[in-house]
**Q** 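Dumping the structure here so I can ask a few things about it.
Note on naming: letters A, B, ... go to the chains in the order of the sequence lines (proteins, then strands), and numbering restarts at 1 for each one.
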Amino acid sequence: MTKKINKREKVEELVEIFSKHYPEPGTALEHNSSFELLIATILSAQTTDVQVNKVTKELFKEYNTPKAVLKLSQKELEEKINSIGLYRNKTKYILKTCRMLIDDFGGEVPSTRKELLKLAGVGRKTANVVLANAFYKAAFPVDTHVFRVSERLGLSSGKNVNQTEKELTKLIPKKYWIDFHHWLIDHGRAICKAQNPDCENCFASHICRYYQNN
DNA sequence: AACTCGGGGCA
DNA sequence: TGCCCAGAGTT
């Protein structure tokens, strides 16, 4: 069975469905400050939030400011985070970013997209995570899962990532941003996979554009 | 536009 | 055991 509803109604229904099936997103990056969120998000590239939390739980006990992190050599920092992938690049980015925070931003995490993008290891997605979660600004983070799942569901046009960011930022009510982001990612991993999506076991297929067209 | 980093997840 | 990836930088 399929229903004809507009996008906003679809969002409301998805909130109902997702909150029931993914009651505890549980995959959020644990942090106690905008700085910790920034570092955790840089670490999260091509990795799960669960893996990142394992590493940052210990790291942030002592090293939760740019100044503190800069006490570590790259090798020392590598030893603390080398249980996740891409750690050589990530340690390099983090140390450079900490240096920039002190030299160029008064030791604080900047709150504009333009400034955040200057930091090492901070791209479109990381910048939006910080803007939305630390500064409550209009910026819906879009990664590969969010891009694919929202396009399939019919929430976004799927033209490109920049367009999808704009569309979801406008479409999804702000109070749902954090949860919705994680729901789309979890759903993209478990059900709405890039290859061979498991539509038979999908609880949103009745309002899914992709399912209706296939 | 293609290549690289990398341990973990999953078939 | 091999394939892919919850991004970003470099060439």
**Q** Please determine if a side-chain N or O atom of A:Gln51 lies less than 4.0 Å away from the OP1 or OP2 oxygen of B:dG9.
**A** yes
**Q** Closer than 4.0 Å, any side-chain N/O of A:Tyr87 to the OP1 or OP2 of B:dG7?
**A** yes
**Q** Give me the distance, rounded to whole Å, that separates C:dT10 from B:dG7 when you measure between the C1' atoms they each carry.
**A** 22 Å
**Q** Determine the Euclidean distance between corresponding P atoms of B:dG6 and C:dT11; express it in Å to zero decimal places.
**A** 16 Å
**Q** Do other residues, nucleotides or ligands put more than 12 heavy atoms under 6.0 Å from the NZ atom of A:Lys193?
**A** yes
**Q** A:Thr126 side chain N/O closer than 4.0 Å to the phosphate oxygens (OP1, OP2) of C:dA8?
**A** yes
**Q** Check A:Glu167 with A:Lys159, please: is the shortest side-chain N to carboxylate O separation under 4.0 Å?
**A** no
**Q** For C:dG9 versus B:dG8, give the span between their P atoms, rounded off to a whole number of Å.
**A** 24 Å
**Q** Kindly indicate whether the side chain of A:His206, heavy atoms from C-beta on, has any atom under 4.5 Å from the side chain of A:Ile17.
**A** yes
**Q** Among B:dG6, C:dC5, B:dG8, which nucleotide sits nearest the side chain of A:Leu86?
**A** B:dG6
**Q** Any Lys/Arg nitrogen of A:Arg113 or A:Glu165 sitting under 4.0 Å from an Asp/Glu carboxylate oxygen of the other?
**A** yes
**Q** Given B:dC5, C:dG7, B:dG8, which nucleotide is nearest the side-chain atoms of A:Arg88?
**A** B:dC5
**Q** Taking B:dC3 as the reference, what is the distance to C:dC4 when you measure between their P atoms (whole Å, please)?
**A** 14 Å
